[in-house]
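The structure appears below as structure tokens.
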Amino acid sequence: MTTRKMTVSQAIVEFLAHQYTVDGNYRERTIPGVFGIFGHGNVAGIGQALKQFSVENPSLMPYYQARNEQAMVHESSAFARMKRRRATFACTASVGPGATNMLTGAAVATTNRLPVLLLPSDTFANRASDPVLQQLEMPHDATLSVNDAFKPLSRFFDRVQRPEQLFSALLSAMRVLTDPVETGAVTIALPEDVQAEIIEVPEEFLADREWHIRRPRPDAGLTADVARIIRSSKKPMIIAGGGIIYSDAHAELQTLVEATGIPVGTSQAGVGSLNWDHPQCQGAVGATGTTGANRLAKDADVIIGIGTRYSDFTTASRTAFQNPNVRFININIASFDAFKHGSALPVVADARETIKELINELKGYSVASDYAANAAAEKKQWDATVDAAFVDKKLALPSQTEIIHAVQSASDATDTVICAAGSLPGDLHKLWRVRSPMGYHVEYAFSCMGYEIAAGLGAARAGAMPIVMVGDGSYLMMHTELVSAVAEGLKFIVVLIQNHGYASIGHLSESIGSQRFGTQYRFRDVQTNSFDDGEKLPVDLAANAASLGIDVIRIEQTNSAIADLHIAVKKAKSSSKATLIHINSDPLLYPPSGEGWWDVPIAPISKLESTQGAYKNYQEAIKLQRPLLGNGSKDLE
Ligand SMILES: Cc1ncc(C[n+]2csc(CCOP(=O)(O)OP(=O)(O)O)c2C)c(N)n1
Ligand SMILES: [Mg+2]
């Protein structure tokens with residue numbers, strides 16, 4: 001066996017440069033590059049290896065700079081999502097804070113089931129100079145380092161304490177990254193001394209290697225059972241989740257629903273599984289759903305969940321499905337999700353393969369004509385409601401609904417709207433009229449403020465034309481990657497909505513009786529120690545963005561704000577560079593209601609009248625919450 005003498009880091013970089021994902025006709029690099037921020041923990045190890053490798057192979061393993069470790073993980077997640085989980089980046093960080101900055105990114109990746117490869121540096125394995133700068137040092141456990149905090153957030157974790165552990169660590173990492181069930185954050189902690197140690201590496205380890213994405217078919221006979229249940233149902237409905245997108249099952253889903261007439265509601269991750277104007281597409285379902293999808297879900301006797309995790313937003317905290325005899329058929333590659341809901345028929349298999357079989361099994365079947373007519377009428381009604389809400393009221397401080405319409409109507413079908421937190425995700429879920437499978441990218445498993453701009457960059461790297469929509473709160477939490485966009489000439493558009501605080505949590509706070517406490521950005525009143533009643537702050541986020549070197553368009557507060565925004569988006573699209581558009585909005589103007597609900601528990605005893613009132617409403621609403629098993633209802637009397 002021929003071997004090569006290299007450092008552990010040199011072996012890592014060369015190994016990663018030779019991994020390929022294969023999925024049908026698709027064959028591309030699994031890890032096409034590395035993000036990194038260097039410190040003493042990785043500059044001499046992975047840093048040296050990347051430099052050396054880039055000299056010998058200039059474009060094989062490009063290094064990209066980030067400004068914040070959390071952001072580089074978000075970039076990787078967003079890239080992976082746009083690549084349908086078939087590629088991602090590696091992220092190298094120094095010991096201590098560099099490593100822990102990646103924790104939130106790890107959680108985003110794992111909750112969204114997106115692959116990211118994290119290479120946090122670790123303190124010395126040989127302990128010779130302990131405690132090194134930034135070492136945790138726990139008196140009761142000498143094996144602990146801050147990187148142990150990655151364990152609950154990672155789908156695979158390893159620490160390379162000895163050079164020869166590298167082989168199994170990296171092969172396991174690749175297996176998990178490319179496994180559609182297990183994928184998520186993969187963390188390989190690399191002690192700073194081990195990174196620079198010598199290892200004899202078998203050539204076999206460094207050769208090209210292919211990782212095939214599993215697309216398992218359902219068990220024999222299972223789709224026949226599913227078809228029998230659907231044929232005997234009166235009101236079947238499909239809930240389309242992210243699994244449709246990841247398994248590239250759009251065309252098959254369309255064929256299935258066109259043949260059968262079964263209506264479809266989409267979760268956040270499932271938006272794009274049908275175009276908005278497809279006759280069977282009822283749009284968003286659940287807490288942030290449309291009236292059409294929610295009314296159909298309420299009465300449905302069979303729910304066919306395809307590739308959905310059934311988050312509380314999708315199930316409206318288990319109030320969405322009110323038919324006492326409702327049955328769930330859960331088609332999911334992960335048994336964990338397929339077995340959700342008590343009376344479910346689990347189909348543990350790839351979405352596309354299963355839908356293909358179902359198309360066959362359901363030949364000749366279609367829903368009853370009165371059910372189809374009802375669904376069509378619901379769709380028409382919701383679309384008319386949205387059309388009315390989209391009309392420009394010519395306000396100097398427009399509603400977010402009008403802003404979404406201005407952006408939407410200036411965008412192209414294949415552009416990708418990106419968002420994660422605030423009032424935008426709910427509004428986009430209801431209102432964005434998606435026109436392509438990858439046209440909608442809202443991170444709503446972790447709903448992480450600060451994901452948006454970094455994700456825009458990650459999506460741009462995947463070849464998308466991203467339009468990031470972000471609130472002032474999220475912007476303030478993390479906008480640092482605008483600098484990276486400038487440095488690399490990456491093109492994307494950011495629409496920054498300034499409403500001086502948290503419109504979303506403010507609204508929620510009001511509805512649960514907490515009177516918008518602490519949700520606005522205002523001067524602190526020194527007398528009352530309150531931030532709630534003061535003047536708005538004189539922050540100028542447009543100037544902030546301009547100071548980072550990005551082109552900025554300011555929408556002035558006039559009655560042509562919405563028209564100006566539309567023109568600005570068009571202009572930004574025609575520019576070769578990244579552009580940020582700044583617009584002010586009224587946080588108190590809401591989109592039309594879709595009749596969804598969300599469980600946020602309320603204090604049963606309170607001295608505030610607002611809370612007492614909210615609790616009364618809560619007692620009523622919670623009665624609709626369905627238990628996991630049986631048909632009981634919750635009574636809080
Ligand atoms: C990192 C993080 N911290 C806190 C939250 C809880 N949270 C959800 S939305 C929100 C406010 C978002 O404000 P902004 O971006 O201005 O959007 P708006 O609500 O005004 O639409 C907060 C604090 C979160 N989702 N993520
Ligand atoms: Mg805001």
Side-chain angles (χ1 to χ4, degrees), residues 7-12 34-50 66-74 76-77 90-111 116-173 176-177 182 184-199 446 448-450 477-478 480:
T7 68
V8 164
S9 297
Q10 290 158 5
I12 291 172
V34 180
F35 285 112
I37 293 182
F38 295 113
H40 64 90
N42 57 347
V43 69
I46 297 281
Q48 188 280 340
L50 281 168
R67 270 70 198 171
N68 176 316
E69 291 86 355
Q70 182 187 137
M72 67 193 189
V73 186
H74 292 334
S76 305
S77 291
C91 300
T92 169
S94 192
V95 293
T100 54
N101 263 359
M102 295 202 293
L103 289 167
T104 299
V108 167
T110 293
T111 51
V116 295
L117 177 57
L118 309 182
L119 306 174
S121 301
D122 221 317
T123 49
F124 282 87
N126 69 25
R127 301 184 185 168
S129 51
D130 274 11
V132 65
L133 175 70
Q134 302 168 323
Q135 181 161 343
L136 182 62
E137 270 205 305
M138 294 299 269
H140 70 284
D141 185 344
T143 71
L144 274 183
S145 87
V146 293
N147 287 335
D148 286 277
F150 282 96
K151 288 182 178 175
L153 307 176
S154 301
R155 296 304 308 266
F156 180 77
F157 178 92
D158 203 354
R159 182 180 274 124
V160 181
Q161 297 277 23
R162 294 169 58 101
E164 57 272 35
Q165 291 170 345
L166 184 68
F167 308 133
S168 69
L170 283 188
L171 291 172
S172 296
V176 174
L177 287 171
E182 297 196 28
V186 166
T187 305
I188 308 292
L190 299 168
E192 62 175 279
D193 49 347
V194 179
Q195 282 183 47
E197 280 173 16
I198 288 176
I199 181 172
F446 214 54
C448 183
M449 290 169 78
M477 232 179 242
M478 192 154 52
T480 48

task = Output the distance between atom CD (Glu192) and atom OG (Ser129), rounded to the nearest 0.5 Å.
result = 7.0 Å
query = Can you name the closest pair of heavy atoms from Asp148 and Pro152 and give their distance?
reply = O-CD, 3.8 Å
task = For residues Thr123 and Pro191, report the shortest heavy-atom separation together with the two atoms involved.
result = O-CB, 3.3 Å
inquiry  = Is there a side-chain contact between Arg159 and Gln165 in this structure, where contact means two heavy atoms from C-beta onward sitting under 4.5 Å apart?
reply    = no
remark   = For Ala93 and Ala99, the nearest pair of non-hydrogen atoms, with its separation, is CB-N, 4.0 Å
ask   = Hey, mind stepping through Glu197 and Arg162 against side chain to side chain contact (heavy atoms under 4.5 Å, CB included) and telling me if it holds?
value = CA-CA 9 Å; Glu197 280 173 16; Arg162 294 169 58 101; over 6 Å; no
inquiry  = For the OG1 atom of Thr111 and the CG atom of Leu153, what is their distance to the nearest 0.5 Å?
reply    = 9.5 Å
task = With sequence neighbours excluded, tell me which residues meet side chain to side chain donor-acceptor pair (under 3.5 Å) with Ser94.
result = none
Closest contact, heavy atoms only, Ile199 versus Phe167 = CD1-CZ, 3.5 Å
remark   = Sorted by chain and number, sequence neighbours left out, ring pair (Phe, Tyr, Trp, His ring centres under 6.0 Å) with Phe124 holds for none
Ser145 side, atom OG; Gln134 side, atom CD - distance, nearest 0.5 Å = 12.0 Å
ask   = What pairs with Asp130 under salt bridge (Lys or Arg N to Asp or Glu O under 4.0 Å), at least two apart in sequence or on another chain?
value = none
Pairwise side-chain contact, Met72 with Met102, heavy-atom cut-off 4.5 Å (strictly under) = yes
request  = Starting from the C-alpha separation in whole Å, work towards a yes-or-no answer on side chain to side chain contact (heavy atoms under 4.5 Å, CB included) for Val108 and Val73.
outcome  = CA-CA 9 Å; Val108 167; Val73 186; over 6 Å; no
request  = Kindly write out the residues that satisfy salt bridge (Lys or Arg N to Asp or Glu O under 4.0 Å) with Glu182, not counting sequence neighbours, or none if the list is empty.
outcome  = Arg175
request  = Return the set of residues passing ring pair (Phe, Tyr, Trp, His ring centres under 6.0 Å) with Phe156 (not counting sequence neighbours), or none when no residue passes.
outcome  = none
message = If you apply the rule side chain to side chain contact (heavy atoms under 4.5 Å, CB included), what do you find for Val95 with Gln135, and how did you get there?
response = CA-CA 8 Å; Val95 293; Gln135 181 161 343; over 6 Å; no
Side chains of Gln195 and Val160 in contact at under 4.5 Å (non-hydrogen atoms) = no
note = Test side chain to side chain contact (heavy atoms under 4.5 Å, CB included), reference Val186, set Leu117, Leu119, Leu170, output is Leu117
request  = List in chain and number order the residues that pass side-chain contact (heavy atoms from CB on, under 4.5 Å) with Ile198, two or more places apart in sequence or in another chain; answer none if no residue qualifies.
outcome  = Lys5
key: Inter-residue atom distance Leu177.CG - Arg155.CZ, 0.5 Å rounding   = 11.5 Å
remark   = Rounded to the nearest 0.5 Å, the NZ atom of Lys151 sits from the CG atom of Asp158 at a distance of 9.5 Å
task = Measure from the side-chain N and O atoms of Thr92 to the backbone N and O of Gly36, and report whether any donor-acceptor pair falls under 3.5 Å.
result = no
ask   = Are the side chains of Asn42 and Leu190 in touch, meaning some heavy atoms are under 4.5 Å apart?
value = no
task = Identify the two heavy atoms, one from Ala125 and one from Gln161, that lie closest to each other, and give their separation to 0.1 Å.
result = CB-OE1, 3.4 Å
query = Does anything in residues 95-107 pair up under side-chain hydrogen bond (donor to acceptor under 3.5 Å, both in side chains), and if so which pairs, sequence neighbours excluded?
reply = Glu69-Asn101
request  = List for me each residue that meets side chain to side chain donor-acceptor pair (under 3.5 Å) alongside Ser77, sequence neighbours excluded, and say none if there are none.
outcome  = none
Heavy-atom closest contact (Val116 atom, Ser76 atom, distance) = CG1-CB, 3.7 Å
ask   = Excluding sequence neighbours, so at least two apart, what forms side-chain contact (heavy atoms from CB on, under 4.5 Å) with Thr187?
value = Leu118, Pro120, Phe150, Ser154, Phe157
ask   = Taking only residues two or more places apart in sequence or in another chain, which ones pass side chain to side chain donor-acceptor pair (under 3.5 Å) with Arg127?
value = none
message = Tell me every residue that passes ring pair (Phe, Tyr, Trp, His ring centres under 6.0 Å) with Phe35, counting only those two or more places apart in sequence or in another chain.
response = Tyr64, Phe89
Asn147: side chain to side chain donor-acceptor pair (under 3.5 Å) partners, not counting sequence neighbours = Asp122
